[in-house]
Student: 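Once you've had a glance at the structure underneath, I'll fire off some questions.
Chain identifiers are assigned alphabetically (A, B, ...) following the order of the sequence lines, protein sequences preceding nucleic acid strands; residue numbering begins at 1 within each chain. Values in this document were obtained by computation on a predicted structure and should not be read as measured data.
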4 protein chains.
Amino acid sequence: MKCESQKTSSPIAEKPRKPKFRRRAEARPDEVLDAALELFTKRGFSRTTVDQVAKRAGLSKGSVYLYFPSKKALLAGLVRRAVVPVANMALGVIADYRGDPRPVIRQLVGMLASNMNDPKVFAVPKLVIREAVGAPEIAQMYREEVLDRALPAMTRLIAQGVEGGHIRKVDPELTIRSILGPLMMHLVMAEVFSIKPEGGLALDRLADNHLTILFAGLEPEEARL
Amino acid sequence: MKCESQKTSSPIAEKPRKPKFRRRAEARPDEVLDAALELFTKRGFSRTTVDQVAKRAGLSKGSVYLYFPSKKALLAGLVRRAVVPVANMALGVIADYRGDPRPVIRQLVGMLASNMNDPKVFAVPKLVIREAVGAPEIAQMYREEVLDRALPAMTRLIAQGVEGGHIRKVDPELTIRSILGPLMMHLVMAEVFSIKPEGGLALDRLADNHLTILFAGLEPEEARL
Amino acid sequence: MKCESQKTSSPIAEKPRKPKFRRRAEARPDEVLDAALELFTKRGFSRTTVDQVAKRAGLSKGSVYLYFPSKKALLAGLVRRAVVPVANMALGVIADYRGDPRPVIRQLVGMLASNMNDPKVFAVPKLVIREAVGAPEIAQMYREEVLDRALPAMTRLIAQGVEGGHIRKVDPELTIRSILGPLMMHLVMAEVFSIKPEGGLALDRLADNHLTILFAGLEPEEARL
Amino acid sequence: MKCESQKTSSPIAEKPRKPKFRRRAEARPDEVLDAALELFTKRGFSRTTVDQVAKRAGLSKGSVYLYFPSKKALLAGLVRRAVVPVANMALGVIADYRGDPRPVIRQLVGMLASNMNDPKVFAVPKLVIREAVGAPEIAQMYREEVLDRALPAMTRLIAQGVEGGHIRKVDPELTIRSILGPLMMHLVMAEVFSIKPEGGLALDRLADNHLTILFAGLEPEEARL
DNA sequence: GATGAATGAGCCTTCATTCAT
DNA sequence: TATGAATGAAGGCTCATTCAT
């Protein structure tokens, strides 16, 4: 009923301006979110107008409100859409792994690093962090859906690594900062200040350098001597 | 330095209302910036109105424009004011140190960690990071005044540590992320998501845990076995 | 970029349009209310825009919000301003009168009738009645400030007239409708439907006809026979 | 005008969803008007959206426009529908009555009073009065269809009562206000300001009190002494 | 006949900025 | 220097109306 392809079969192109009524619906919310993500990322939430989002999504301002009850709901929708895959990605890697956590950490860091230039992946978390002040509910939601699931899993991973004697006796919770913080800082420096190593983001080298230090640092003490 | 009295020696003293501790005129811009910093930090730049800043600073909206030509200039002023001491702090610690960089790093990390709950210290950098999207010139300025001076110093510190054989052969530039990133992530988690270790920020424990891993990780390879 | 002084130093005819900054203040809120009253009366509350009110009052839309926090506050302000004089007028006439109520009623009806074509006097009550559905708080306010003071006074006036045997034994409360209702209906017919006796509102004749019937009707029963 | 029966006699009956008591197409306009009346009465014309009307009537917004060309046409339709019965009711009572008008007046007042709490009866006139400002054409129509027929009839009724010496020499036209005004005022006070006698609307007592005064007031002068 | 997606004009409100005093 | 009244350009949101299906 609403899925047929509508070809503009006019041979001469009479009045090709603004088909005006498009009738799509199914895909629309997602298209709006795509536009919003792009603009919010580029200009920030408050500096983006609903009209800009609408235009970028190819519809009128009023139509945005057909799908989202407010501008803020766009932000929320963005987060909601991104939340499940992200959390699952992390969880999927960690699962109920037992043993030396370093391979898992390597995989995790590698995964993050290799996705760091894909705007789709980090755009939402960056947005959340930036707009948390003006929209705490959204930060809260992100926390509950993503962090409160991923962080405990990482903590457990490290804790059992310590217990099993695979790595040095560290505080599992705090060590998460040592694992992911360098990546975050790399991202911030690159995106906020355009400070990158010569020759691009150099994510491989970053991950290598970081993991070298990290893994040596996590080596159990008795392994030395 | 900014306390000398210049009395408005008008003999008629009209408008004696609001005695309010007789402000010295030169102090005004600073007071405005204090107010701006507080509000920008708490509510974000766009959600703060010039009027709010004025009120908090104890003067009228119009008067703010006596000292700053625009709202954005407040942000710039904030950064400008914070820029010199911060850079100097970092530079002072590092100076032209030669030898094992770890003591210096320990000092630096300790300093940062112990100031992390002082809003005055990190308020401006956090602001810069958050508002960089809407005010790239300001991020640029921060970069030039602070980062472009502090980062090379740290790079040199690490580089000469590597050269002197005091630490493992790491990429000096990238290693900066490994040194400071965990602190940044700790801050973000605490401030944006209220995710803190039980019992507050636990900055000492964070620094300890981080430095333990970091320093073990930086240990020169030949030091082992 | 826009901070240097750019004087339009053209010596001839420098743009004398729109004095732009007027600086009045004291009288402004009242002027705004005057404009609002006129427009709300003529077009109704929802069909009047704040911009129209502003223009009629001779200032800009934004300035209206300097004096009134919202469009609805204009309505409330209108009522508040009108409320005290109206109530006092009625109360002043009735006071603690004792004796045959008919002279007082004649005075009251005469007063109302003679003010009925003065838009200033009845504009607000009419507004309140019309907009009560959309702004019940305002009807409530009007009731409390005006009706809850004037109606009991009238009830007392009639009650003591009955007790003193000056008028027939009627229900004082309900009789108020018999006294004022005809005036109200006359107003409604004239204003809503343009139904007036030939030759204008004919308020004198209305009052005469009404009072003749009313007073004869209130005549104590024993006065007959 | 667009209410004639047009049945969708398609034999295939596609879309059997929403069985919902199988609407007869001809009933639709009336159902829409019912919904509109209810909502316009409760929230006012401008505060009611076409969508709300549609939903309440159990169809879609677009379908409302199948039956009525605009929102205002709903108001007009409402009035048109109500107009004939109301006028006839009044006219039926009055007819070409000759003699003492008071029994007829008693019947009329009794009829009105006893229908006053039935929303169906007075909803439309109240609506017309309230929205007359924004829709004068509709007030005009109501006037022509109802008032211009009923009022002259009442005028004649009273006039011949005066001529026949059944009642005092009053102005027939103005006396209509004295007859119906108290009812109107009772309604306004109750509905707009929730001011009612203790124990509900007390319509019987109101009619009694009113008619007692009115009829005594209309008593021919020579009837006394 | 019905639907509901889509539109766009318009409204209320905010706020950075200006300027007469 | 200081004020705050005034402005005007948006921005978020609503809703009557249209039209492809």
Student: Over all heavy atoms of both residues, which pair between Arg43(D) and Val133(C) is shortest? Give the atoms and the distance, please.
Tutor: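 Shortest heavy-atom separation between Arg43(D) and Val133(C) comes out as C-CG1, 3.4 Å.
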Student: Considering just the side-chain nitrogens and oxygens of Ser63(A), establish if one lies under 4.0 Å of OP1 or OP2 belonging to dA5(E).
Tutor: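 Answer no for this pair, as no side-chain N or O of Ser63(A) is under 4.0 Å from OP1 or OP2.
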Student: Could you state the atom-to-atom distance from CZ of Arg47(A) to C1' of dA9(F) in whole Å?
Tutor: 15 Å
Student: Hey, does the Lys NZ or Arg CZ of Lys72(B) hover above the aromatic six-ring of Phe45(B), less than 6.0 Å from the centre and inside 45° of the axis?
Tutor: no
Student: Give the rounded distance in Å between these two atoms: CZ of Phe45(B) and P of dC15(E).
Tutor: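 Distance, rounded to whole Å: 13 Å.
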Student: Is it true that Arg81(D) and Asp30(D) make a salt bridge, defined as a side-chain N closer than 4.0 Å to a carboxylate O?
Tutor: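 So Arg81(D) pairs with Asp30(D) through a salt bridge.
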Student: Between dT14(F) atom P and Arg43(D) atom CZ, what is the distance in whole Å?
Tutor: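 Atom CZ in Arg43(D) sits about 14 Å away from atom P in dT14(F).
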Student: Nearest to the side chain of Ser70(D) - dT7(F), dT17(F), dT17(E)?
Tutor: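 The listed nucleotide nearest to Ser70(D)'s side chain is dT17(F).
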Student: For Gly62(A) and Thr49(C), take the nucleotide of DNA chain E holding the closest heavy atom to each; which residue's nucleotide lies nearer the 5' end?
Tutor: Gly62(A)
Student: Please determine, for dT21(F), whether a Watson-Crick or G-U wobble partner exists with both distances under 3.5 Å, and give it or none.
Tutor: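 In the structure as shown, dT21(F) has dA2(E) as its Watson-Crick or wobble partner.
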Student: In this structure, how many angstroms lie between the P atom of dC11(E) and the NZ atom of Lys72(C), rounded?
Tutor: 18 Å
Student: Consider the side chain of Arg28(B), meaning its heavy atoms from C-beta on, and name the nucleotide among dC12(E), dA2(F), dT17(F) that approaches it most closely.
Tutor: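 Among dC12(E), dA2(F), dT17(F), the one nearest the side chain of Arg28(B) is dA2(F).
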Student: Looking at dA16(E), which nucleotide sits across from it as a Watson-Crick or G-U wobble partner, both distances under 3.5 angstrom, or is there none?
Tutor: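 Pair assignment: dA16(E) / dT7(F).
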Student: If each of Tyr65(C) and Thr48(B) is mapped to the nucleotide of DNA chain E with the nearest heavy atom, which maps nearer the 5' terminus, i.e. the 5' end?
Tutor: Tyr65(C)
Student: Rounding to an integer number of Å, can you tell me how far Leu75(D) CG sits from dA16(F) P?
Tutor: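 Result: 13 Å.
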Student: For Leu74(C) and dC12(E), what is the distance between atoms CG and P respectively, to the nearest whole Å?
Tutor: 10 Å
Student: Testing the basics here: between Ala123(A) and Leu37(A), what is the closest heavy-atom pair and its distance to 0.1 Å?
Tutor: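 Closest pair (atom of Ala123(A), atom of Leu37(A), distance): CB-CD1, 3.6 Å.
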Student: Respond yes when some side-chain nitrogen or oxygen of Lys61(B) is under 4.0 Å from OP1 or OP2 of dG4(F), and no when none is.
Tutor: no
Student: What is the separation between atom CG on Asp51(C) and atom P on dC12(E), rounded to the nearest whole Å?
Tutor: 9 Å
Student: CG of Leu39(A) versus P of dG12(F): gap in Å, rounded?
Tutor: 12 Å
Student: Would you say Tyr67(D) places a side-chain N or O within less than 4.0 Å of OP1 or OP2 belonging to dA2(E)?
Tutor: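 Yes.
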Student: Write down the atom of Lys71(D), the atom of Tyr65(D), and the distance for their closest heavy-atom approach.
Tutor: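 Closest approach of Lys71(D) to Tyr65(D), heavy atoms only: N-OH, 4.4 Å.
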Student: Pick the closest DNA chain F nucleotide for Lys71(D) and for Ser60(C) by heavy atoms, then say which residue is nearer the 5' end.
Tutor: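 The residue mapped nearer the 5' terminus is Ser60(C).
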